[in-house]
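One structure below.
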Number of protein chains: 2
Amino acid sequence: MSATIARKRISESTIHRLSLYYRTLSLLEKENYETVSSKELAKREKLTPAQVRKDLSFFGSFGTRGLGYNVNELKLKIESILGIDREWRVALIGVGNIGSALVSYKEFARQGFHIIKLFDNDQRKIGSNHKGIVVSDIKDLEKEVKEANISMVILAVPATVSQYIVDDVVKAGVTAILNFAPVNLRVPPFVHLRNENMSMELEYLSFAMVNNHAPKKPK
Amino acid sequence: MSATIARKRISESTIHRLSLYYRTLSLLEKENYETVSSKELAKREKLTPAQVRKDLSFFGSFGTRGLGYNVNELKLKIESILGIDREWRVALIGVGNIGSALVSYKEFARQGFHIIKLFDNDQRKIGSNHKGIVVSDIKDLEKEVKEANISMVILAVPATVSQYIVDDVVKAGVTAILNFAPVNLRVPPFVHLRNENMSMELEYLSFAMVNNHAPKKPK
DNA sequence: TACTTCTTGTGAACCATTTCACATGACTCC
DNA sequence: GGAGTCATGTGAAATGGTTCACAAGAAGTA
């Protein structure tokens, strides 16, 4: 009935792959597939069928032997595992280049991440309206985060100030932070911090080109 | 003299960590550090010193026993390993939300990735100017990519059209693509394709919150 | 030069993740 | 309902990545 609680520690890669499965299941659903096999799912993600089955097996057994997985059912299961079967109330801090792009990024909302508050420290931005949300003064962070019942923060502020801001965010009681600045932030052990480093993948590409790394591991 | 060619296959995680080391070394350089030990570097990245040394050891021995690594020297070495010791000519396709944010994203240029061409298929955008670059018609992709000697493409187009566009990009002879659309793209085996999935980390956060996953592996 | 301290570079040991391989169950068709 | 096919779920094996532990080199001190 409720989500299976994973006891064994689940690897980061497994979780990332669940995200991929979820996306593909949504697509399959739109394409009116009733069921899907680990083989088909694997093919779409360029993985092995065993990998797919093992990933899912950490959380239960959702398939039918001989048939595969019911697309809609599995999608719902993964939604519940990932915790995206609910509405997350998210604040975005830093309405610059990246920040404003993220406000309009529909993919977030589609997965249940709703940006409902914007903050900045720039007087010219405070009070302005982005996609129906008025930018608040970062000084009111703690108060407004609490009032709006925010549980996640996306940080899109310049690297130079991000440690100060993250300290404030933590003070405001937020325990999940997605950071876009290219810096290593310090947070207390009970706070979940993830970094989105957009240069990293470009650097990987450049490494691969220069070193003639095989683009994909051979099937 | 020239870059050490890695013979053993290097893991993706090692390369990603090199990116991190690079960033931290740049910082250390600014802070006027002469040398740095694997211990200090590890501390800053929340890794073990052995991990740092092992990563570097795949490419040579850059340190001095008893002393550590020369900050500037190691930085240059990593630049050369990652292939960011040169200017990469990059085209960005799709001047929407994300696309326009990326044009102004200074971090790319700082690492040698220069966006010098913009493309879109929207007549209202074609001809407009973003940060000094005039948006070209996607129809002229092949011609302009060749003329401008582009070797990498950043794809920031809607998921629905991205496969068509990536086909054109491949036809134009580009072999390194960074895709921001949440789809699995098909490319020939000789093309390097990386995906930047911005929802993935939010989903990881949500998973972690819901499942009380320890935010960080204990030291 | 002998002694101490520091820190690298690296095989070997350890641990985690992926893949294999197969028993098991579901469905279909004669 | 027996035979054939398909595809899951999962221990066990294989592979890959991380950490350990230590020999060896560099610098400083006396």
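Proteins come first, then strands; the chains are lettered A, B, ... in the order of their sequence lines, and each starts at number 1. Quick note: numbers below take in every heavy atom, side chains included, and nothing from hydrogens, waters or symmetry partners.
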| query | Reading nucleotides 22-30 of chain C from the 5' end, what letters show protein touch, with B for base, S for backbone sugar-phosphate only, - for no heavy atom under 4.0 Å? | reply | -BBBS----

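Taking the six-membered ring where tryptophan is involved, the planes of Trp88(B) and Phe113(B) are essentially parallel, since the angle between them stays under 30° and well short of 60°.
The number of heavy-atom neighbours closer than 6.0 Å to CZ of Arg186(B), taken from other residues, nucleotides and ligands shown, is 12 or below.
Between Ser38(B) and dT8(C) there is a side-chain polar atom (N or O) within less than 4.0 angstrom of OP1 or OP2. Between Tyr69(A) and the phosphate of dG9(D), there is a side-chain N or O to OP1/OP2 separation shorter than 4.0 Å. Applying the 4.0 Å criterion to OP1 and OP2 of dT18(D), one finds that Arg17(B) has a side-chain N or O inside that range. The side chain of Thr48(B) places no N or O atom within less than 4.0 Å of a non-bridging phosphate oxygen (OP1 or OP2) of dT18(D).
To the nearest angstrom, P of dG16(D) lies 17 Å from CG of Asp55(B). A straight line from CG of Asn70(B) to P of dT7(C) spans 15 Å, rounded to a whole angstrom. What separates CD of Glu12(A) from C1' of dT18(D) is a distance of 15 Å, to the nearest Å. Rounded to a whole Å, the NZ atom of Lys39(B) is 17 Å from the P atom of dA21(D). The interatomic distance linking Lys54(B) (NZ) with dC15(C) (P) rounds to 16 Å, in whole Å. Atom-to-atom, CZ of Phe58(A) to P of dT18(C) comes out at 8 Å; the value is rounded to the nearest Å. Between the C1' atom of dT8(D) and the OH atom of Tyr21(A) lies a distance of 14 Å, rounded to the nearest Å. The interatomic distance linking Gln51(B) (CD) with dG16(D) (P) rounds to 17 Å, in whole Å.
A search for salt bridge (Lys or Arg N to Asp or Glu O under 4.0 Å) contacts involving Lys54(A) returns nothing, not counting sequence neighbours.
The Ser61(B) side chain lies nearest to dG9(C) when the options are dA7(D), dT19(D), dG9(C). Between dT8(C), dT18(D), dT19(D), one nucleotide has an atom nearer to the side chain of Ser13(B) than all others, and that is dT18(D).
A cation-pi arrangement is found for Arg44(A) relative to Tyr33(A), the charged atom lying closer than 6.0 Å to the ring centre and inside a 45° cone about the ring normal.
Classification of Lys77(A) and Glu73(A) as a salt-bridged pair fails, no side-chain N sitting under 4.0 Å from a carboxylate O.
Ser206(A) contributes a side-chain N or O that, together with a main-chain N or O of Leu82(B), makes up a donor-acceptor pair within less than 3.5 Å. Looking at Arg89(A), its side chain does come within 3.5 Å of a backbone N or O of Ala148(A) through a donor-acceptor pair.
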